[in-house]
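The chain is numbered in sequence order, starting from 1.
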Amino acid sequence: MDYGKVIQNIYEDLKSCWGKGKVADYIPALAKVDPRQYGIAIETLDGQSFQVGDAEVCFSIQSISKVFSLAMVTRHMGDQIWKYVGREPSGNPFNSLVQLEYEQGIPRNPFINAGALVVTDRLMTLYDHPKDAILEFVRSICGNDDIYYDKNIARSERTHADRNMALGYLMKSFGNMENDIEAVIDVYCHQCAIAMSCRDLSKAFLFLANHGLNPINQEQILSVSQAKRLGALMLTCGFYDESGDFAFRAGLPGKSGVGGGVAAYIPGNLAITVWSPELNRHGNSYIGMETLEHFTTDISNSIF
Ligand code: GLU
């Protein structure tokens with residue numbers, strides 16, 4: 001399969017979709033990103049790489065970081081994490097407070113903001129220096145020691161984090177947060193502000209495509225069963241209230257972020273990341289969603 005040619009064709013077709021979405025503006029530093037950028041990168045388990053467009057440009061991974069923090073916590077806690085957070089799709093926007101009140105401070109899943117904050121709270125209990133640990137983990141899984149926190153984005157999100165603070169305090173009132181909420185939000189804003197390229201992200205997702213074993217350094221990051229579960233969560237909850245539609249259209253486990261990135265994979269085969277900053281009304285990259293639907297259709301392969 002000539003993946004290079006497939007993504008080149010998709011890139012040429014979908015460039016015309018620029019202008020159909022809107023860059024996230026509730027985090028001011030994200031609003032300044034040039035909207036007309038578009039990159040695709042594929043890494044295969046047999047060592048091939050394919051890129052097109054802005055695949056080497058670093059962008060803010062935002063909620064894609066929730067996959068990494070959950071993987072770290074799962075390594076330490078195994079099934080214990082499910083006492084603190086559920087694993088059902090929410091059907092609500094990523095930052096909704098409504099369900100949390102009804103459900104006694106236990107977030108529906110680890111990929112909505114409330115769930116990710118619980119996971120970050122656990123990381124803070126597990127590590128003395130959680131920010132260093134997160135960066136070290138991400139650098140090691142993609143084999144790139146230059147991955148960094150974009151301090152400007154982290155600061156901008158931190159000063160506009162009222163809703164996430166509200167989620168944190170609501171959960172604390174139900175006894176589901178252990179650490180100081182301001183400190184949790186600070187770590188969370190940093191993990192969301194990790195800057196990576198499509199190429200880095202595809203490499204970082206390869207261990208998921210490889211059932212938990214990192215093909216870059218042969219480290220077993222997650223057990224086969226844990227990797228299966230993380231993939232199932234991405235399929236059912238990775239795109240907020242558009243998760244069902246993404247599964248329907250692309251048929252892949254994946255995770256989006258409001259920076260415009262979408263990382264996904266075909267188990268046993270490859271990882272693919274698309275970045276284009278303009279978002280649709282659910283907060284997912286407009287062109288990213290289209291690209292992955294075209295990709296699995298063009299190669300006649302998905303998890304189904
Ligand atoms: N940092 C963002 C927030 O908490 C992440 C949301 C996202 O990427 O979907 O609002």
Side-chain angles (χ1 to χ4, degrees), residues 23-35 37 54 56-73 94-95 110-142 144-169 171-172 177-198 200-201 204 240 255-263 273 275-279 283-285:
V23 171
D25 55 8
Y26 74 101
I27 300 172
L30 285 183
K32 296 197 185 118
V33 173
D34 174 6
Q37 300 187 79
D54 301 307
E56 309 262 6
V57 178
C58 287
F59 62 91
S60 185
I61 70 168
Q62 293 295 317
S63 278
I64 300 172
S65 68
K66 295 170 182 174
V67 174
F68 304 139
S69 54
L70 182 61
M72 288 174 76
V73 161
F94 64 94
N95 54 5
F111 295 148
I112 50 173
N113 282 9
L117 289 170
V118 166
V119 171
T120 301
D121 182 57
R122 288 295 103 206
L123 272 183
M124 293 180 67
T125 300
L126 288 165
Y127 291 94
D128 289 339
H129 302 287
K131 281 191 221 168
D132 293 345
I134 294 168
L135 207 50
E136 201 181 302
F137 178 75
V138 174
R139 285 174 172 172
S140 80
I141 56 173
C142 68
N144 181 356
D145 285 341
D146 294 333
I147 304 290
Y148 63 99
Y149 289 124
D150 184 329
K151 295 278 179 192
N152 187 33
I153 303 258
R155 210 175 306 114
S156 180
E157 179 165 1
R158 180 66 194 85
T159 47
H160 293 81
D162 303 323
R163 187 170 271 265
N164 284 332
M165 296 280 283
L167 289 167
Y169 281 115
M171 291 189 286
K172 187 139 191 155
M177 292 289 267
E178 189 177 347
N179 297 280
D180 175 66
I181 299 302
E182 302 249 353
V184 175
I185 298 291
D186 182 57
V187 174
Y188 172 79
C189 290
H190 275 81
Q191 73 174 64
C192 289
I194 294 173
M196 291 172 84
S197 67
C198 291
D200 293 323
L201 272 168
Y240 313 118
K255 184 74 200 82
S256 63
V258 292
V262 183
T273 304
W275 172 57
S276 187
E278 291 180 341
L279 309 181
N284 296 313
S285 170

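Not a single donor-acceptor pair under 3.5 Å links the side chain of Asp54 to the backbone N or O of Val57. Using a distance-only test at 3.5 Å, with no hydrogens or angles considered, a donor-acceptor pair links the side chain of Thr159 to the main chain of Arg155. Side chain of Ser60 to backbone of Cys192: a donor-acceptor contact under 3.5 angstrom is found.
Ser156 approaches Pro28 most closely through the heavy-atom pair OG-CD, 3.3 Å. Here the closest non-hydrogen pair linking Gly257 and Leu279 is O-CD2, 4.3 Å. Nearest heavy atoms, Gly260 versus Ser285: O-CB, 3.3 Å. Taking all atoms of both residues into account, the shortest heavy-atom contact from Met177 to Gly168 is CG-O, 3.8 Å. Residues Pro277 and Pro35 come closest through the heavy atom pair CD-O, 3.5 Å. Summarising the geometry of Ala204 relative to Ile141, their closest heavy-atom pair is O-CD1, 3.7 Å, with the distance given to 0.1 Å.
Take Glu157 and apply the side chain to side chain donor-acceptor pair (under 3.5 Å) test, not counting sequence neighbours, and it matches no residue. Under the salt bridge (Lys or Arg N to Asp or Glu O under 4.0 Å) criterion, Arg158 pairs with Glu182, sequence neighbours left out. Partners of Asn144 by side chain to side chain donor-acceptor pair (under 3.5 Å), not counting sequence neighbours, listed by chain and number: Asp200. Looking at residues two or more places apart in sequence or on another chain, you find no ring pair (Phe, Tyr, Trp, His ring centres under 6.0 Å) involving Tyr169. With sequence neighbours excluded, the residues that form a side chain to side chain contact (heavy atoms under 4.5 Å, CB included) with Ala166 are Leu97. Considering only residues two or more places apart in sequence or on other chains, Ser256 meets the side chain to side chain contact (heavy atoms under 4.5 Å, CB included) condition with Phe239, Tyr240, Val262, Asn284. Under the salt bridge (Lys or Arg N to Asp or Glu O under 4.0 Å) criterion, Asp180 pairs with no residue, sequence neighbours left out. Among residues two or more places apart in sequence or in another chain, the side chain to side chain donor-acceptor pair (under 3.5 Å) test is passed with Ser276 by none. Judged as a ring pair (Phe, Tyr, Trp, His ring centres under 6.0 Å), and not counting sequence neighbours, Phe137 has no contacts. For Ala114, the side chain to side chain contact (heavy atoms under 4.5 Å, CB included) partners at least two apart in sequence or on another chain are Leu100, Pro107, Leu167, Met171. Every residue meeting the ring pair (Phe, Tyr, Trp, His ring centres under 6.0 Å) condition with Phe59, not counting sequence neighbours, appears here in chain and number order: Trp275.
In Glu136, the CD atom is not crowded: 12 or fewer heavy atoms of neighbouring residues, nucleotides or ligands sit closer than 6.0 Å.
Interatomic distance, Cys189 SG to Ile27 CD1, rounded to the nearest 0.5 Å: 7.5 Å. Taking CG from Asn113 and OG1 from Thr120, the interatomic distance works out to 10.0 Å, rounded to the nearest 0.5 Å. Interatomic distance, Phe94 CZ to Lys66 NZ, rounded to the nearest 0.5 Å: 7.5 Å. Here the straight-line distance linking atom CD1 of Ile61 with atom SG of Cys198 works out to 12.0 Å at 0.5 Å rounding. Atom OG of Ser65 sits about 8.5 Å away from atom NZ of Lys255, to the nearest 0.5 Å. Distance check, rounded to the nearest 0.5 Å: CD1 of Ile194 to CD1 of Ile153 gives 12.5 Å.
The shortest side-chain heavy-atom distance between Leu126 and Met72 does not fall under the 4.5 Å cut-off. Residues Val67 and Phe111 have side chains in contact (heavy-atom distance under 4.5 Å, counting atoms from C-beta outward).
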Should Ile147 and Met196 be marked as a side chain to side chain contact (heavy atoms under 4.5 Å, CB included) after you check the CA-CA gap, both sets of side-chain angles, and the distance that decides it?
-> CA-CA 6 Å; Ile147 304 290; Met196 291 172 84; 3.7 Å; yes

Applying side chain to side chain contact (heavy atoms under 4.5 Å, CB included), run through Val187 and Met124 and close with a yes or a no.
-> CA-CA 8 Å; Val187 174; Met124 293 180 67; 3.9 Å; yes

Derivation and outcome, side chain to side chain contact (heavy atoms under 4.5 Å, CB included), residues Gln191 and Phe68 | CA-CA 9 Å; Gln191 73 174 64; Phe68 304 139; over 6 Å; no

Test side chain to side chain contact (heavy atoms under 4.5 Å, CB included) applied to Ser69 and Val73, step by step | CA-CA 6 Å; Ser69 54; Val73 161; 5.7 Å; no

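Pairs engaging residues 124-135 under the side-chain hydrogen bond (donor to acceptor under 3.5 Å, both in side chains) rule: His76-Tyr127, Thr125-Glu178, Thr125-Asn179, Lys131-Asp186 [sequence neighbours left out].
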